[in-house]
Amino acid sequence: MPSATANFEKLAREFYARDTIDVAIELLGKKLVHQIDGRFLVGNIVEVEAYLGPHDRAAHSSKGRTARTEVMFGPPGHAYVYLIYGIHNCMNVVTGPEGHASAVLLRAISPGKGVVGRTQGPGLLTRAMHIDRTLNGADLLSDTFFIAREDPGTAPHRVVRRPRIGVDYAGAWSRRLLRFYIRGNPYVSKP
DNA sequence: CTCCGGATTCGT
DNA sequence: CGAATCCGGAGT
C-alpha cells in the first residue's frame with residue numbers, strides 16, 4: 001500500500017524494482033512531484049525511454065561503473081540526473097534490482113499544478129520541474145521529490161512504442177523499441 | 001594534462 | 001544546420 005504525502009499516493013520501492021520495460025510503460029500517466037520552497041510542482045508523465053543496463057550500448061552504464069554512472073548501479077527508486085551538452089539536465093529513474101544499472105529517462109510531461117513553461121523534451125521537463133544535478137541520487141520515496149499514482153478515474157491511454165531518440169551511435173540498440181509515449185498526447189516531444 | 005563528443009534545445 | 005556550454009571518460 002503506497003504512502004500518502006499531501007494527498008499524493010507515492011509509488012513504493014517495489015514499483016521500481018521490476019523489469020525496466022514494465023516500469024517504463026507503467027510510469028506513463030503517473031505524476032512527477034517536486035516540492036520546492038513549500039510549493040508543489042506536478043507533471044503528468046507522457047513520454048519515457050528505457051535503458052536496460054550495461055549490455056545496452058545506449059545506456060550510460062554500458063561505459064562501466066564510474067563516478068557519473070554510480071547512481072544507475074545503486075538501488076531502484078532513486079533519481080539519476082545528469083548534465084547533457086553542457087546546458088540541459090536529464091532525469092532518470094533507477095529500475096530493477098540493485099546493481100542491474102538500468103533506468104528510465106523521463107522525456108516529457110503534461111504540465112500540472114505549479115508548472116510553468118514548456119515540458120516536451122527531457123531538458124525542458126527538468127527545467128519546468130526545477131530539477132537539476134543537486135537531485136542526482138535523490139531517493140524518490142522522499143516527501144519532496146517522488147512519483148505518485150494517477151488520479152482514480154483517469155481515462156485509460158494507449159501506449160506507442162518507438163526507437164529511442166538521439167542514440168544513433170548505439171548500433172542495433174538504437175533500433176530497439178524502447179521509447180514509450182501516450183498516443184495522441186500533445187506534450188509528447190516528437191510524436 | 002588535452003581532446004572529444006554527448007539520452008538537447010534554439011535560432012538561422 | 002550549427003552554436004551553445006560543460007564535464008565525463010579516454011588517451012597521451
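Values in this document were obtained by computation on a predicted structure and should not be read as measured data. Each chain gets a letter, A, B and so on, in the order its sequence line appears, and its residues count up from 1.
Each of T126(A), I131(A), L105(A), L125(A) was scored for a side chain to side chain contact (heavy atoms under 4.5 Å, CB included) with C90(A), with one residue passing: L105(A).
Screening residues 57-68 of chain A for side-chain hydrogen bond (donor to acceptor under 3.5 Å, both in side chains), with sequence neighbours left out, gives H60(A)-Y80(A), R65(A)-E70(A), T66(A)-T69(A). Here side-chain hydrogen bond (donor to acceptor under 3.5 Å, both in side chains) pairs that include residues 162-178 of chain A, with residues two or more places apart or in two chains, are D56(A)-R164(A). The stretch residues 24-33 of chain A participates, sequence neighbours left out, in these side-chain hydrogen bond (donor to acceptor under 3.5 Å, both in side chains) pairs: R18(A)-E26(A), K30(A)-E150(A), K31(A)-D151(A).
Remark: I165(A) engages E49(A), R107(A), R179(A), K190(A) in a side chain to side chain contact (heavy atoms under 4.5 Å, CB included) (not counting sequence neighbours). For D132(A), the side chain to side chain donor-acceptor pair (under 3.5 Å) test picks out T134(A), with sequence neighbours left out. Every residue meeting the side chain to side chain contact (heavy atoms under 4.5 Å, CB included) condition with S102(A), not counting sequence neighbours, appears here in chain and number order: T20(A), T95(A), H100(A).
Taking every heavy atom of residues 21-33 of chain A and every atom of DNA chain B, no pair lies under 4.0 Å. For DNA chain C, no neighbouring residue in residues 171-178 of chain A is found when judged by any heavy atom under 4.0 Å.
In this structure, K113(A) contributes its side chain and V33(A) its backbone to no donor-acceptor pair below 3.5 Å. A donor-acceptor contact shorter than 3.5 Å is absent between the side chain of H34(A) and the backbone of F145(A). Under the 3.5 Å distance criterion, the side-chain polar atoms of R183(A) are left unmatched by any main-chain donor or acceptor of H157(A). The backbone N or O of Y187(A) sits less than 3.5 Å from a side-chain atom of N185(A), completing a donor-acceptor pair.
F146(A) CZ to L141(A) CG: the interatomic distance, rounded to the nearest 0.5 Å, is 10.0 Å. For the atom pair CZ of R13(A) and CG of L140(A), the computed distance is 8.0 Å after rounding to the nearest 0.5 Å.
Of all nucleotides in DNA chain C, those with any atom nearer than 4.0 Å to a heavy atom of chain A start and finish, going 5' to 3', at dA4(C) to dG9(C).
Atom OH of Y16(A) has more than 12 neighbouring heavy atoms from other residues, nucleotides or ligands inside a 6.0 Å radius.
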Letter by letter from the 5' end, nucleotides 1-12 of chain B scores (B base, S sugar-phosphate only, - none; protein heavy atoms under 4.0 Å) -----BBBSS--
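R179(A) comes within 4.0 angstrom of nothing in the nucleic acid, heavy atoms only.
Membership of an apolar cluster is not assigned to L83(A), as no side-chain contact below 4.5 Å to another ILVMFWY residue is traced.
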Under a cut-off of 3.5 Å for both distances of each Watson-Crick or G-U pair, what dot-bracket string does DNA chain B give, using [ ] for crossing pairs and | for inter-strand pairs?
||||||.||||.
